[in-house]
Amino acid sequence: MIIRNLKDIRASDRNVKSDGWASARLLLDDDKMGFSFHLTTMFAGSELKMHYQNHLEAVLVLKGTGTIEDLDSGQTHELKAGVLYALNENDRHIVRPETDLLTACVFNPPVTGGEVHDENGAYPAAEPALTS
C-alpha cells in the first residue's frame, strides 16, 4: 500500500514546475502502478501547446475555467470543474486557462518524475528497462 500526503509532495522534488504549470506527482513509474497520477495547476493567462506523442493522458478539472482546443479538428471545448478530457489518440492540443485550473491527471505509461515538455509539447518516451 502506498500512502502519500499532497503537502509533502508539494515540498519535494516530486513537485515539478515549468512555464505555465506546476505538477504534484503523487504516483510515478517507480511506484509500479502502471500509470502516474498528478495534481496539476495550469496558470491563468498561459497558453499550453502540448502533444503527448509517447503517453496517453486523462484529465479531470477540479477547479477553475478555461478552454482546450483540438489542433487537428479545430474544435474548442470549455473546461470547468467536473469536465474530463482524455487524449486517447495522442491528440495535439492547446489548453488556455482563464483562471488557474486545478486538475487531476493520469498518464500511461507512467512518467518517471522530472519530465517537462520538449519543443513539441511532449514528455520523452520512457527508457526501456535494462535486462541482463
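One finds the CZ atom of R92 at 10.0 Å from the OG atom of S73 (value rounded to the nearest 0.5 Å). From L39, atom CG reaches atom CG of L60 across 10.0 Å, with rounding to the nearest 0.5 Å. One distance of note links NZ of K32 with CD1 of I2; it measures 11.0 Å at 0.5 Å rounding. With values rounded to the nearest 0.5 angstrom, T65 atom OG1 is found 11.5 Å from K63 atom NZ. In this structure, E69 CD and T76 OG1 are separated by 4.5 Å, a value rounded to the nearest 0.5 Å. E47 contributes atom CD, which lies 13.0 Å from atom CE of M42 (distance to the nearest 0.5 angstrom).
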task = Start with the C-alpha distance between D72 and D91, add both sets of side-chain angles, then the distance that settles side-chain contact (heavy atoms from CB on, under 4.5 Å), and finish with yes or no.
result = CA-CA 8 Å; D72 291 322; D91 310 271; 5.6 Å; no
request  = Take R4 and D31 through the side-chain contact (heavy atoms from CB on, under 4.5 Å) test and state the conclusion after the steps.
outcome  = CA-CA 11 Å; R4 300 256 161 76; D31 293 311; 2.8 Å; yes
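Here the closest heavy-atom approach between residue N5 and residue K7 is recorded as OD1-N, 2.7 Å. The two residues V95 and L101 have their closest heavy-atom pair at CG1-CD1, 4.0 Å. Closest approach of A81 and L62 over heavy atoms only: CB-O, 3.5 Å. Taking both residues in full, the closest heavy atoms of S36 and P110 are given as N-CB, 3.5 Å, listed atom of the first, atom of the second, then distance. The shortest non-hydrogen separation linking D100 to A44 is OD1-N, 2.9 Å. Closest non-hydrogen pair, H55 versus N90, comes out as O-ND2, 3.1 Å.
One hydrophobic cluster holds both F107 and M50 under the rule that ILVMFWY side chains link at heavy-atom gaps under 4.5 Å. Criterion: ILVMFWY side-chain heavy atoms under 4.5 Å apart, direct or through other members. Under it, I9 and L28 are not part of a common hydrophobic cluster. The hydrophobic cluster containing L102 also contains F37, counting ILVMFWY residues as joined when their side-chain heavy atoms lie under 4.5 angstrom apart, directly or transitively. Cluster annotation: V106 is not connected to L56 through the hydrophobic network of ILVMFWY side chains, with a link wherever side-chain heavy atoms come within less than 4.5 Å. V59 and F43 are not part of a single hydrophobic cluster, where members link through side-chain heavy atoms under 4.5 Å apart.
Here the side chains of T67 and E98 are in contact, with some heavy-atom distance below 4.5 Å. A heavy-atom distance below 4.5 Å is not found between the side chains of E78 and V83. By the 4.5 Å heavy-atom criterion applied to side chains, V111 and H38 are counted as neighbours.
Proximity of a side-chain donor or acceptor of S12 to a complementary backbone N or O of R14 within less than 3.5 Å is detected. Not one N or O on the side chain of T99 forms a donor-acceptor pair closer than 3.5 Å with the backbone of G64.
In summary, D30 and R25 do not engage in a salt bridge, as defined by a charged side-chain N under 4.0 Å from a carboxylate O.
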